[in-house]
Amino acid sequence: GELRAFSNVAKKSGFAEKCDELFSRLKRFLITPGMLCEAADGGAMPEFFALKLRDMALIYGAAEEYLASRYMDTEDRINALIESLGRSSARGAHVYVDGFEYLTEQRFRVIGALMDICETMTVTECMSLNAKGRVRASGGGVFAPLRDGCGARYGDESASAQARWQ
């Protein structure tokens with residue numbers, strides 16, 4: 001297809017680099033070219049933005065297709081890790097998860113795949129202090145979606161599922 005919104009800037013210096021940065025971010029959050037097309041076709045935005053999304057979907061899809069058998073970036077390697085964890089020597093391991101300031105969908109999938117195969121998982125969470133030097137209530141922090149979904153993932157919505165996180 002033809003580019004419509006980006007036809008004038010697609011060959012300008014820096015455009016490819018900006019697209020590469022965007023595509024890396026999209027991969028981290030498991031957003032596909034098809035999802036961009038669906039959003040553009042949803043009718044919930046002005047047509048100019050929909051044109052931009054369609055152009056990005058076209059470029060992103062073409063780049064993914066071209067690079068599929070030629071190159072594997074960091075996000076592709078993480079997705080390959082997720083797919084191979086079930087066959088890895090990590091089965092039955094005691095896993096420690098530490099050092100995250102934020103979690104992408106991709107990282108949640110890595111942790112979820114590890115939860116399926118590890119014996120135990122210990123998760124640390126950064127905590128902030130209030131002005132008096134006491135731990136500030138954070139509403140759950142970065143791991144709240146993982147913690148809250150733990151019981152549902154394993155069919156255990158009881159207090160014991162929550163206790164595993166304490």
Side-chain angles (χ1 to χ4, degrees), residues 1-91 93 95-118 121-129 136 138-150 153:
E2 286 282 316
L3 296 180
R4 295 174 61 193
F6 293 115
S7 60
N8 293 332
V9 296
K11 293 185 179 174
K12 294 203 180 217
S13 176
F15 183 77
E17 289 82 8
K18 290 294 181 188
C19 285
D20 183 54
E21 290 172 17
L22 175 63
F23 301 158
S24 291
R25 286 188 187 130
L26 293 172
K27 284 182 187 181
R28 283 183 208 125
F29 288 94
L30 307 176
I31 298 171
T32 65
M35 293 166 86
L36 294 179
C37 283
E38 286 176 24
D41 295 338
M45 65 186 72
E47 183 60 22
F48 181 70
F49 293 121
L51 286 173
K52 285 184 169 190
L53 272 181
R54 284 187 200 101
D55 278 6
M56 275 296 116
L58 184 66
I59 297 167
Y60 183 21
E64 287 295 289
E65 184 178 322
Y66 177 80
L67 295 173
S69 62
R70 294 174 175 88
Y71 179 74
M72 188 179 243
D73 64 11
T74 301
E75 286 71 30
D76 293 328
R77 285 192 293 270
I78 292 171
N79 286 332
L81 166 72
I82 293 165
E83 297 302 318
S84 66
L85 271 173
R87 302 179 305 275
S88 76
S89 61
R91 184 168 297 285
V95 175
Y96 292 84
V97 179
D98 181 38
F100 289 104
E101 291 182 34
Y102 69 96
L103 290 171
T104 64
E105 291 300 316
Q106 199 176 42
R107 289 177 180 170
F108 274 119
R109 283 187 59 212
V110 170
I111 293 169
L114 284 168
M115 288 173 72
D116 287 341
I117 65 166
C118 69
M121 179 177 283
T122 301
V123 178
T124 64
E125 189 170 357
C126 297
M127 302 180 88
S128 56
L129 301 177
R136 181 182 306 154
S138 65
V142 73
F143 287 102
L146 187 66
R147 181 184 59 242
D148 295 345
C150 180
R153 180 179 183 93

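Positions are given from 1 along the sequence.
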Worksheet entry | Residue pair L30, N79: steps toward the side-chain contact (heavy atoms from CB on, under 4.5 Å) verdict | CA-CA 9 Å; L30 307 176; N79 286 332; 4.0 Å; yes

Worksheet item: Tell me, do L67 and D76 make a side-chain contact under 4.5 Å, heavy atoms counted?
Response: no

Distance check, rounded to the nearest 0.5 Å: [X] atom [atom1] versus [Y] atom [atom2]?
{"X": "F108", "Y": "M115", "atom1": "CZ", "atom2": "CE", "answer": "11.0 Å"}
{"X": "L81", "Y": "Q106", "atom1": "CG", "atom2": "CD", "answer": "9.5 Å"}
{"X": "T104", "Y": "F29", "atom1": "OG1", "atom2": "CZ", "answer": "5.5 Å"}
{"X": "I59", "Y": "L3", "atom1": "CD1", "atom2": "CG", "answer": "4.5 Å"}

Worksheet entry | side-chain contact (heavy atoms from CB on, under 4.5 Å) between I78 and E75, intermediate numbers included | CA-CA 5 Å; I78 292 171; E75 286 71 30; 5.6 Å; no

Item to complete: Give the C-alpha distance, both sets of side-chain angles, the deciding distance and a yes or no for side-chain contact (heavy atoms from CB on, under 4.5 Å) between M121 and I111.
Response: CA-CA 9 Å; M121 179 177 283; I111 293 169; 3.8 Å; yes

Looking only at non-hydrogen atoms, find the nearest pair between [X] and [Y] and report the distance.
{"X": "C37", "Y": "A57", "result": "SG-CB, 3.5 Å"}
{"X": "Y60", "Y": "I31", "result": "OH-O, 2.9 Å"}
{"X": "G86", "Y": "I117", "result": "CA-CG2, 4.1 Å"}
{"X": "K12", "Y": "N8", "result": "CE-O, 3.5 Å"}

Worksheet item: Which pairs, with at least one residue in residues 54-72 and sequence neighbours excluded, count as a salt bridge (Lys or Arg N to Asp or Glu O under 4.0 Å)?
Response: K27-E64, D41-R54, E47-R54

Report, one line per pair, each donor and acceptor closer than 3.5 Å where one atom sits in a side chain of residues 15-25; sequence neighbours left out.
residue, atom, partner, partner atom, Å
E17, OE1, G14, N, 3.4
S24, OG, D20, O, 3.2

Discussion item. Test side-chain contact (heavy atoms from CB on, under 4.5 Å) on M45 and L53; report intermediate values, then the result.
Written reply: CA-CA 10 Å; M45 65 186 72; L53 272 181; 3.5 Å; yes

